[in-house]
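Values in this document were obtained by computation on a predicted structure and should not be read as measured data. So that the names make sense, note that chain A is the first sequence line, chain B the second, and so on, each numbered from 1.
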Amino acid sequence: MEESGATMRKWEDLDTDILVQIFQTFDIFELTSGIAHVCSAWRMACCDPLLWKTLDLSALESNFIRIPLEPYVYVHCQSDKEVTRLLKIALDLSRGSIQTLIFHFNLYLSDEQLTYTAERCPLVKRIVMPAWNRIKKTGICRAINMWPHLESMTMPSIANPPYLLEEISKNCKNFSKLKIMGPFDIFFASSLVLYIPKLKVLSLRCSVIFKDALITILDKLQDLEVLNISHCILIEACPSPLLKRVVKEIDPFIMDKANRLREFLVCMNDSCVMCQRARSDEGLMRWYKYEKGLWKSDEARSLAL
Amino acid sequence: MSSSSSSSSPSCPKKMITLKSSDGETFEIEEIAALQSKTLESMIDENCASTPVPLPNITGKILAKVVEYCTKHAEVGADAESLRAWDAEFVSVDHPTLFDYILAANFLEIPTLLNLACQSVADMVKGKTPDEIHKIFNIKSTFTPEEEEELRRENQWAFD
């Protein structure tokens, strides 16, 4: 190996564009592991907006155990610290360029971590939320408040959506795409109609949906273009409170209402693997049992990862 | 598209252009191979490539390799698998040479070669600590006071 002349190549003087091209293949762990600590020129390249349009932290899950008391999870201290460290470096380098922010649904962020992040991503248009157990309602609202350009959100299902949807309607004028990873009932549907009437894309895949909620959506969200209920368990409430009938196929009444949609994505098929899984998991998908990253798929393209 | 339509017929002479390195060496390259360089392509289009093209930024040693790369990649019928292997072999060089490939590919605007060399550097850098990178690439760690402060904050565990 020729070593003479090695000292004459000035790697720190490489065009920023070339350095950026080199760093474009790095994932978030590689980007934050130290190349920004090499020298001023490399740090500057690490801050290039091209590298920070998306911050994908979906490979990060908390090291946690479930506990019987609120918040129902205990996150291992070291795990928390590492998340903090990663967030600090990534958000420093991103210099506010981030437009898409992706978390894993099993990352149990604290209130403080979410606020810290939201403050540093003012241009965010799309958020895939982490787990909410450790975050207070005020924390969620504070984050939404810092994202006026928000257009798309993927979230867990929550029992009491009005506070959230109201905050979105007040602060996020361009909000149009929503994915809910969990049960969808008439209360959620009515809240959506009340606060986000102009919703364009909705995905409820692989969960439990109540028929009355589905009909409400189809009737009242006039601007809805894409609705995804693939692999869902559709439930019809019966007069007897003990009985809930699982609807086996979409009846013409519903199909008729769905005709105006640009895309009505349905899959209710006994031979479909995803449908079978949703059924055996009773509508609360245990994603950890299946292929890594399976949760990221969505038949509604704009909500897939 | 190049005006040379002779590539399919073996009896017609292939159109060549001549490149001249910084240290005076000359290299012939088929026009069709030269088209991989956007810089050379526009020179050919504007008829500026009939006399040797001077490349004052590129030494003979590197230019020879660049010509080799472009010629290989202009071959028809090469299967993707063996081309990949050839590419991997091509960038198995010491890092000063890799650096020179990058500068040459950038100057001549050869996106495939630039990509290849950058990926190679990326693989070298991934997973290394800043100290290791300093040593390998002989880079001095120089930061402004503001940057030093940022670095110090980033290395703490808590939000501050």
Side-chain angles (χ1 to χ4, degrees), chain A residues 1-15 17-27 29-44 46-47 77-78 80-93 95 110-113 115-117 119-120, chain B residues 57 59 61-62 92-107 109 111 113-160:
Chain A
M1 262 235 256
E2 184 196 312
E3 275 309 318
S4 66
T7 53
M8 285 165 56
R9 302 302 188 289
K10 298 222 141 250
W11 286 90
E12 61 268 40
D13 287 346
L14 263 183
D15 242 15
D17 284 342
I18 295 179
L19 284 173
V20 171
Q21 185 168 348
I22 293 174
F23 299 155
Q24 267 186 313
T25 61
F26 285 37
D27 66 30
F29 301 102
E30 289 154 351
L31 262 181
T32 54
S33 69
I35 41 168
H37 290 215
V38 169
C39 65
S40 201
W42 282 38
R43 187 176 179 79
M44 189 162 81
C46 283
C47 296
C77 187
Q78 188 62 20
D80 232 6
K81 281 183 174 167
E82 293 196 3
V83 172
T84 297
R85 185 185 160 273
L86 191 59
L87 283 174
K88 277 169 77 175
I89 299 178
L91 294 168
D92 256 356
L93 296 175
R95 305 249 203 273
S110 69
D111 224 52
E112 201 185 14
Q113 285 167 335
T115 301
Y116 186 86
T117 304
E119 277 169 348
R120 287 157 184 77
Chain B
N57 314 24
T59 63
K61 171 174 174 254
I62 299 298
S92 296
V93 291
D94 59 25
H95 55 85
T97 309
L98 211 47
F99 186 91
D100 291 339
Y101 284 172
I102 290 178
L103 291 188
N106 189 42
F107 178 73
E109 289 184 82
L113 179 55
L114 186 57
N115 262 342
L116 180 63
C118 284
Q119 185 59 58
S120 199
V121 176
D123 293 337
M124 264 188 201
V125 167
K126 279 181 194 179
K128 302 262 188 331
T129 65
D131 271 341
E132 287 169 331
I133 296 176
H134 289 141
K135 287 202 185 72
I136 295 173
F137 296 103
N138 196 40
I139 299 177
K140 286 201 177 40
S141 167
T142 49
F143 290 101
T144 66
E146 293 82 21
E147 284 167 342
E148 294 273 4
E149 177 56 31
E150 262 183 15
L151 293 179
R152 194 194 60 81
R153 262 192 322 104
E154 278 172 16
N155 283 323
Q156 289 174 324
W157 289 115
F159 289 126
D160 247 353

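Contacts of B:Thr129 with chain A are absent, with no heavy-atom separation under 4.5 Å from either backbone or side chain. If you measure heavy-atom distances from B:Asp131 to chain A, you find no contacts under 4.5 Å at all. For A:Ala41, no part sits under 4.5 Å from any heavy atom of chain B, backbone or side chain. At a 4.5 Å heavy-atom cutoff, B:Glu132 makes no contact with chain A through either its backbone or its side chain. With a 4.5 Å cut-off on non-hydrogen atoms, A:Asp17 does not touch chain B at all. Contacts between B:Ile133 and chain A at a heavy-atom distance below 4.5 Å involve the side chain alone, from C-beta outward. Both the backbone and the side chain of B:Leu114 come within less than 4.5 Å of a heavy atom in chain A.
In this structure, B:Ala122 and A:Phe26 approach most closely via the heavy-atom pair CB-CE1, 3.5 Å. Across every non-hydrogen atom of B:His134 and A:Val38, the tightest pair is NE2-O, 2.6 Å. Of all non-hydrogen atoms in B:Asn115 and A:Gln21, the two that sit nearest each other are OD1-NE2, 2.8 Å. The two residues B:Lys126 and A:Thr25 have their closest heavy-atom pair at NZ-O, 3.4 Å. The minimum heavy-atom distance between B:Arg153 and A:Tyr116, with the atom names listed, is NH1-OH, 4.3 Å. The minimum heavy-atom distance between B:Pro130 and A:Gly34, with the atom names listed, is CG-O, 3.4 Å.
Taking B:Cys118, B:Ser120, B:Ser141, B:Gly127 one by one and counting their heavy-atom pairs under 4.5 Å with chain A, the maximum is reached by B:Cys118. Between chain B and the options A:Ile35, A:Asp15, A:Ile22, heavy-atom pairs under 4.5 Å are most frequent for A:Ile22.
Distance check: B:Lys140 NZ to A:Ser40 OG gives 15.0 Å after rounding to the nearest 0.5 Å. With values rounded to the nearest 0.5 angstrom, A:Leu14 atom CG is found 5.5 Å from B:Ile102 atom CD1. Here the CZ-CG distance, from B:Phe99 to A:Asp13, works out to 7.0 Å after rounding to the nearest 0.5 Å. Once rounded to the nearest 0.5 Å, the distance linking NE2 of A:His37 with CD of B:Glu150 reads 9.0 Å.
Using a 4.5 Å heavy-atom threshold, the side chains of A:Glu30 and B:Val125 count as separate. No side-chain heavy atom of A:Arg9 sits under 4.5 Å from any side-chain heavy atom of B:Asn138.
With respect to A:Arg43 and B:Glu146, no salt bridge is recorded, no charged nitrogen being found less than 4.0 Å from a carboxylate O.
By the 30° and 60° cut-offs, the orientation of the rings of B:Phe137 relative to A:Trp42 is tilted.
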